[in-house]
Each structure stands twice: as structure tokens, then as C-alpha cells.
S.K.: 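Have a look at the structure that comes next, please.
Just so you know, these numbers use all the heavy atoms, side chains as well, and skip hydrogens, waters and symmetry mates. Residue numbers start from 1 in every chain, and the chains themselves are labelled A, B, ... in the order their sequence lines are given, proteins ahead of strands.
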Amino acid sequence: MIDETSDRSPEPGPGTTRRRALMLGAVGASAVVSIRPALAQTQASVINCEIPVPDAGRAGSYIAADGSVVPAGTSGAFPPASLAFKGDDVKKALAGGQLPGTTYEQNQAYVKYIRRLQQGTSGFTCFASLQMPRG
Amino acid sequence: MAERLYRAASAETLLIEPLDEFTLIFHRASGLTHLVAAPAPEIIAALDRDQISAATLLERLGTRYELGDASDELLQARLDELVAIGLVAAL
């Protein structure tokens, strides 16, 4: 006989397995913690990853001196970079170097843009991985 | 009215490592690692690549587990979390 309210599961029959208890939990209590991708990056991917300026979703837009993305043709802003920058180039730029093919002011604007990258923007994972201390 | 259907991320994009009370899930598609507790891994396994409604999922979980607190609302809360982190797709 199977008693549905019993704490003890019935003897499993042939071809069946005993069911494990499972709680769905409370509505407000999340069962999930996410770990940012920076922790999962390797040194090799840092060198090879790319950061488009601006990201693909805003391709063609200009980059203002403060790093914000502004409409194409905005006075005082810089046109988008023709090629995505390599992780290695960005790493050098973050350390005070200059991105390839940029003027001093353009480089400053692009670096500010990269520093402001948010999760979900292309290039963010690459940028996040550049923040990692050397292992 | 068309019911919303759910489907888990494909197994090839997930690296799942149970660690006692928790389960680590590395999602290759997003590069994110998630530390999840029950019932998240059970929901992902029960959904698999099928496209099913929350009601069907609850039924399926009920056949696999002794659900201590089976409710549409609670399952919806868990599903919403999994959709938010990209491990489950709402179709």
C-alpha cells in the first residue's frame, strides 16, 4: 500500500527509483549566485580578446571626450575606431600607453569609454579580464 | 491564451559540477559561473531541451521528487531567476 503522506517512501518496485525530497523554496529567497566572468578568464584570452569602440549595438556612433557614446558627427567627439582593439593593446593603454592609430585626445576618450563598459556590452568580458591581477 | 514555454540551455553549453549542498554551473555561452542551490539544478535537468510550460514542469518535478511545497507561484519564482541568468530560455 502506498501512503502519500508518509515520510518514508514506499518500497521501490522493479524499474522505479525512490523519489528524493525537493523544496521549491520561498519566493524572495534566491537559489542563485552568479560569479563574474573576470574570474574565469585566462591570460591567453586576455591577449586575444577584442574590444570594439563603440560596441556593435552602437556602431557608427562617436565617442565624446568623457568616454560617453554620442550621435555620429557630434562636435568635439571622436569617430568610432575602424577596428576593434586587441586585449593586449587595451592593456597597454590602461597602463598609460596609447591605442594604435589614435591621437592623444582620441586615445583618452576611447580609454574612458572602455573603462565605462558595462556587463552585456560587447568587449566587457575582455575589459573585465584585463582587470585581473597577474596569477 | 498561449502559455509561456521554457527550455534549459543546451547541455553542451553547460559544465555542471555538484558540490555537496551547492552546484557550480559554468555557462559557456555567457562565460558566467553560477553557484546554485536546489531546486535550480533539478529544474534544469527536468526541463532539458523540451519546450514545456511551467505547469508541465511542475508535474514532471512531482513525478521525480517528493515536492514539499509544490506551487505554481514558487516554481515561477525559480524559473524567473533561471531566465534572468540565462540558464533557462522563456519562449
Side-chain angles (χ1 to χ4, degrees), chain A residues 2-13 15-51 55-57 87 117-132 135, chain B residues 8-9 13-19 21-47 54-55 57-88:
Chain A
I2 294 170
D3 181 359
E4 291 293 337
T5 60
S6 170
D7 284 335
R8 297 181 59 183
S9 299
E11 202 62 35
T16 64
T17 49
R18 208 170 58 161
R19 293 190 304 165
R20 190 158 65 81
L22 184 69
M23 299 291 283
L24 295 179
V27 166
S30 176
V32 170
V33 175
S34 296
I35 299 160
R36 299 282 174 235
L39 300 173
Q41 295 295 314
T42 65
Q43 194 62 23
S45 69
V46 171
I47 306 302
N48 297 322
C49 67
E50 293 190 336
I51 301 182
D55 68 287
L117 279 173
Q118 299 291 315
Q119 192 181 4
T121 319
S122 51
F124 174 77
T125 308
C126 185
F127 170 63
S129 63
L130 295 172
Q131 308 301 302
M132 279 186 76
Chain B
T13 67
L14 302 176
L15 190 65
I16 300 178
E17 196 65 40
L19 302 170
E21 293 297 303
F22 294 96
T23 301
L24 271 180
I25 302 181
F26 175 62
H27 187 207
R28 290 188 174 92
S30 66
L32 287 171
T33 303
H34 308 283
L35 184 60
V36 304
E42 289 82 0
I43 288 174
I44 290 168
L47 278 175
L57 175 64
L58 190 60
E59 227 169 79
R60 195 176 278 189
L61 286 169
T63 60
R64 296 185 185 189
Y65 304 99
E66 292 283 358
L67 290 179
D69 54 355
S71 106
D72 295 332
E73 190 197 6
L74 292 179
L75 181 60
Q76 194 58 57
R78 297 290 87 85
L79 275 172
D80 290 346
E81 284 166 12
L82 291 170
V83 169
I85 61 173
L87 294 181
V88 168

S.K.: Are there over 12 heavy-atom neighbours, none belonging to B:Asp80, within less than 6.0 Å of that residue's CG?
M.R.: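 Correct, the count exceeds 12.
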S.K.: Quick check: does any side chain N or O of A:Arg19 sit under 3.5 Å from a backbone N or O of B:Gly62, one acting as donor and the other as acceptor?
M.R.: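 Checked: pair present.
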S.K.: Please state whether the side chain, the backbone, both or neither of B:Ala84 comes within less than 4.5 Å of a heavy atom of chain A.
M.R.: neither
S.K.: Quick check on B:Ile85 against chain A: is it the side chain, the backbone, both or neither that has a heavy atom closer than 4.5 Å?
M.R.: side chain
S.K.: How long is the span from the CD atom in B:Glu42 to the CG atom in A:Leu24, to the nearest 0.5 Å?
M.R.: 9.5 Å
S.K.: Quick one: closest heavy-atom pair of B:Ala38 and A:Leu22, and the distance?
M.R.: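 Here B:Ala38 and A:Leu22 meet closest at CB-CD1, 4.0 Å.
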S.K.: Could you have a look at B:Leu74, B:Asp69, B:Ile43 and say which one has the most heavy-atom pairs with chain A under 4.5 angstrom?
M.R.: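 The residue among B:Leu74, B:Asp69, B:Ile43 with the greatest pair count is B:Asp69.
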S.K.: Can you tell me which portion of B:Thr23 sits under 4.5 Å from chain A's heavy atoms? Options are side chain, backbone, both or neither.
M.R.: neither
S.K.: Answer with side chain, backbone, both or neither: which region of B:Leu58 has an atom nearer than 4.5 Å to a non-hydrogen atom of chain A?
M.R.: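 Side chain only.
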